Amino acid sequence: MHATAHQLAQLQTLKKRADFIKVQKTGRRWVSNGLILQAAANASGYKGIGFTVSKRVDKSAVRRNRIKRRLRAVAADILPQTAVSGTDYVLIGRPETLSRPYADLLRDLRWCLKKMDLLDNV
RNA sequence: GCAGAAAGCCGGGCAGCCGCCCUCCGAAGCCUUGUGCGAAGGAGGGAGGAAAGUCCGGGCUUCACGGAAACACGGUGCCGGGGAAAUCCCGGGCGGGGCGACCCGACGGAAAGUGCAGCAGAAAGUAAACCGCUUCGGAUUUGUCUGGAGCAAGGGUGAAAGGGUGCGGUAAGAGCGCACCGCGCUUCUGGCAACAGGGGCGGCAUUGUAAACCCCACCGGAAGCAAGACCGAAUAGGGACUGCGCACGGGGCGUUUCCGCCUCGCGGUCCGGGUUGGUCGCUUGAGGCGUCUGGCAACAGGCGUCCCAGAUGAAUGGCUGUCCUCGACAGAACCCGGCUUACAGGCUCUCUGCCAUG
RNA sequence: GGCGCGGUGGCAGAGUGGCUAUGCAGAGGACUGCAAAUCCUUGUACGCCGGUUCGAUUCCGGCCCGUGCCU
């Protein structure tokens, strides 16, 4: 079920603050228990992926890092196979992301994708 | 055995699959043919004792800076040593706490000057006298009231009442006298010193506060890797040279004084300029480990050995098995030395008190 | 990552080494036919922990929280 290295190579990490603001302003979003997904079309044709865990989610740097890592693991398991080219995805962490079982996190991301009509088959 | 004190150390382990960051090698491939780049693949490394708070001290970088003196501002404050330095460390002294091992201390100066000490109290710093004590006189309903003189022992107020305790002394008292303690001056001895101990003299003056102003001694330019350097579109602004104009003038170099230096308005020519982004700075360092020597120690030196994160939306995760004591506080962002704060549990060594036994 | 600023009743906002003003809001009363406005009365606070001092909101350390600036 894991993504191959070839599939992972198709994902491009969003690096600039401007990219994140663009996705937030122009894209759509869906909230689930474990995470929030934002998505917007881009002009490059690549599949873009970014992660946001702000200081308002948790004040501890250790726990913020762990939330980001779990989001990265979830994204690496699902997005390479299902993501649409020419779309930027931004995953936003929540306090529950830290303690939620991993299987539930996978279900959360699929649910968000489905609700936003970005998933053909569940 | 129980209770405690001090120093140092560790901070889940092992295994499998899929992934992340860096360095080196690199068949295929690419071009600008080079000691080049490099998908696949291989080898190695990959958070902390506090990485934290940013409270101190440095390195490094840029800016500022002509010199001298004074002033201003900030910091430090027993002594000796260590250290690049420090509000750091070690040892000692003094003071305080503990039966003790041991721990704690912003620990210069209050006779250089100024300020402050509310309320209470008679009086708050040249002492003073509310209740009192003693004595002399007067009145008297014999309870006491009142005037003069002397006194500060006792009571009361306060955080603090102008040396303390005891004896003598006295009308009652008082350093009034004496002894001891404290204090001050002086001298001797020990110690590098802080300081300690002894002798002599004085005869009680010298309340507290300097984390109040201050005095003394010593130290200090400012900002910070988002510093800064390089490569680089557009636009606005900048610098140099030169011509003309202008000056017993104005401005600047922390302030002032003295000497000194720089600079000014308009035109022309040339040079450059650096936002987004990228590269460097970026990890070999007052470095770690082992050992020997000197030193009570902090630490220093010699020898051997190792290279041990370097990201830039920012790297350690996901899933699973297994063991145990079931895992705390917590994530590098230029780098070091300290301090402070947070922290489950465990280990090592030394020491103290009590109990029991030999 | 670095550098600053601040924390005083429910809210705003002065202040200073010895009872912390003032305004708005709240409660009660007066005035009114009933209200508003006005007047009177009243409760509630110095972020937390230590130290200096006889005494700290103030002075000095250390924590906690909030907030701003620098790419």
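Since this is a predicted model, take the numbers as computed values, not measurements. Every heavy atom of this structure was used, including side-chain atoms; hydrogens, water molecules and symmetry mates were not. Chain identifiers are assigned alphabetically (A, B, ...) following the order of the sequence lines, protein sequences preceding nucleic acid strands; residue numbering begins at 1 within each chain.
Applying the 90° cutoff around 0 to the glycosidic angle, G4(C) is assigned anti. U61(B) shows a glycosidic angle more than 90° from 0 and is accordingly assigned anti. Taking the syn range as angles within 90° of 0, the glycosidic angle of A47(B) is syn. Taking syn as a glycosidic angle within 90° of 0, C308(B) qualifies as syn. Nucleotide G93(B) carries an anti base; the chi torsion (O4'-C1'-N9-C4 or O4'-C1'-N1-C2) is more than 90° from 0.
Spacing between atom NZ of K55(A) and atom C1' of U67(C) amounts to 13 Å, rounded to whole angstrom units. Between L71(A) atom CG and G19(B) atom C1' the separation is 16 Å, expressed in whole Å. Atom CZ of R107(A) is separated from atom P of G318(B) by 18 Å (rounded to the nearest Å).
The phosphate of G318(B) (OP1 or OP2) has a side-chain N or O of R70(A) nearer than 4.0 angstrom.
Applying the side chain to side chain donor-acceptor pair (under 3.5 Å) definition to pairs two or more places apart or across chains, those involving residues 93-108 of chain A are D77(A)-Y102(A), R100(A)-D108(A), D104(A)-R107(A).
Across all strands shown, G118(B) forms no Watson-Crick or G-U wobble pair with both distances under 3.5 Å. With a cut-off of 3.5 Å on both Watson-Crick or G-U wobble distances, the partner of U33(B) is given as none. Across all strands shown, G238(B) forms a Watson-Crick or G-U wobble pair with C271(B), both key distances being under 3.5 Å. In this entry C213(B) has G113(B) as its Watson-Crick or G-U wobble partner, both defining distances falling under 3.5 Å. Nucleotide U293(B): paired with A300(B) (Watson-Crick or G-U wobble, both distances less than 3.5 Å). Figure legend. A15(B) is base-paired to U320(B); pairs are counted as Watson-Crick or G-U wobble with both atom distances under 3.5 Å. Using Watson-Crick or G-U wobble geometry with both donor-acceptor distances under 3.5 Å, C230(B) finds its partner in G278(B). When Watson-Crick and G-U wobble pairs are counted only if both distances are under 3.5 Å, A333(B) pairs with no nucleotide at all.
For the C1' atom pair drawn from C214(B) and A110(B), the interatomic distance equals 11 Å after rounding to whole Å. Nucleotides G125(B) and C116(B) have their C1' atoms positioned 14 Å apart, rounded to a whole Å. Only the C1' atoms considered, G93(B) is 16 Å distant from C104(B), to the nearest whole Å. One P atom belongs to G250(B), the other to A240(B), and the distance between them is 25 Å to the nearest Å. Separation of the P atoms belonging to C204(B) and C178(B) is 11 Å when rounded to the nearest angstrom. Atom name C1', nucleotides C22(B) and A333(B): the rounded distance is 15 Å, in whole Å. G77(B) and C88(B) have their C1' atoms separated by 16 Å, given to the nearest Å. Comparing G200(B) with A179(B), their P atoms are spaced 11 Å from each other, to the whole Å.
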Let's go through T52(A) and L91(A) carefully: what are the C-alpha distance in whole Å and the side-chain angles of both, what is the deciding distance for side chain to side chain contact (heavy atoms under 4.5 Å, CB included) to 0.1 Å, and is it a yes or a no? CA-CA 6 Å; T52(A) 294; L91(A) 277 72; over 6 Å; no
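Remark: R64(A) engages V53(A), K55(A), D58(A), A61(A) in a side chain to side chain contact (heavy atoms under 4.5 Å, CB included) (not counting sequence neighbours). Applying the salt bridge (Lys or Arg N to Asp or Glu O under 4.0 Å) criterion to R70(A), with sequence neighbours excluded, gives no partner residue. Evaluation of the side-chain hydrogen bond (donor to acceptor under 3.5 Å, both in side chains) rule for R72(A) yields no partner, not counting sequence neighbours. Applying the side chain to side chain contact (heavy atoms under 4.5 Å, CB included) test to S54(A) and every residue at least two apart in sequence or in another chain returns R56(A), V57(A). Scored by the salt bridge (Lys or Arg N to Asp or Glu O under 4.0 Å) test, R66(A) finds no partners at all (sequence neighbours excluded).
Atoms CG and CG, from L109(A) and L71(A) in turn, are 9.0 Å apart once rounded to the nearest 0.5 Å. Interatomic distance, CZ of F51(A) versus OH of Y89(A), reported as 12.5 Å (0.5 Å rounding).
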Here RNA chain C, pairs taken as Watson-Crick or G-U under 3.5 Å and shown with ( ), [ ] when crossing and | when to another strand, reads (((((((..(((.....[...))).(((((.......)))))....(((((..]....)))))))))))).
For nucleotides 327-331 of chain B, which of its nitrogen or oxygen atoms have a protein nitrogen or oxygen under 3.5 Å away, and what is each distance?
residue, atom, partner, partner atom, Å
G331(B), OP2, A61(A), N, 3.3
G331(B), OP2, V62(A), N, 3.4
G331(B), N7, N65(A), ND2, 3.3
G331(B), N7, R69(A), NH2, 3.4
G331(B), O6, R69(A), NH1, 3.1
G331(B), O6, R69(A), NH2, 3.3

So which protein N/O to nucleotides 312-314 of chain B N/O distances come out below 3.5 Å?
residue, atom, partner, partner atom, Å
G313(B), O2', L14(A), O, 2.4
G313(B), N7, K15(A), O, 3.1
G313(B), N2, F51(A), O, 2.5
G313(B), N2, T52(A), OG1, 2.7
A314(B), OP2, R72(A), NH1, 2.8

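In this structure, I49(A) and L79(A) have side chains that are in contact, with non-hydrogen atoms separated by less than 4.5 Å.
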Show me, pair by pair, the donor-acceptor contacts under 3.5 angstrom made by side chains of residues 29-40 of chain A, not counting sequence neighbours?
residue, atom, partner, partner atom, Å
S32(A), OG, L35(A), N, 3.3
S32(A), OG, L35(A), O, 2.7

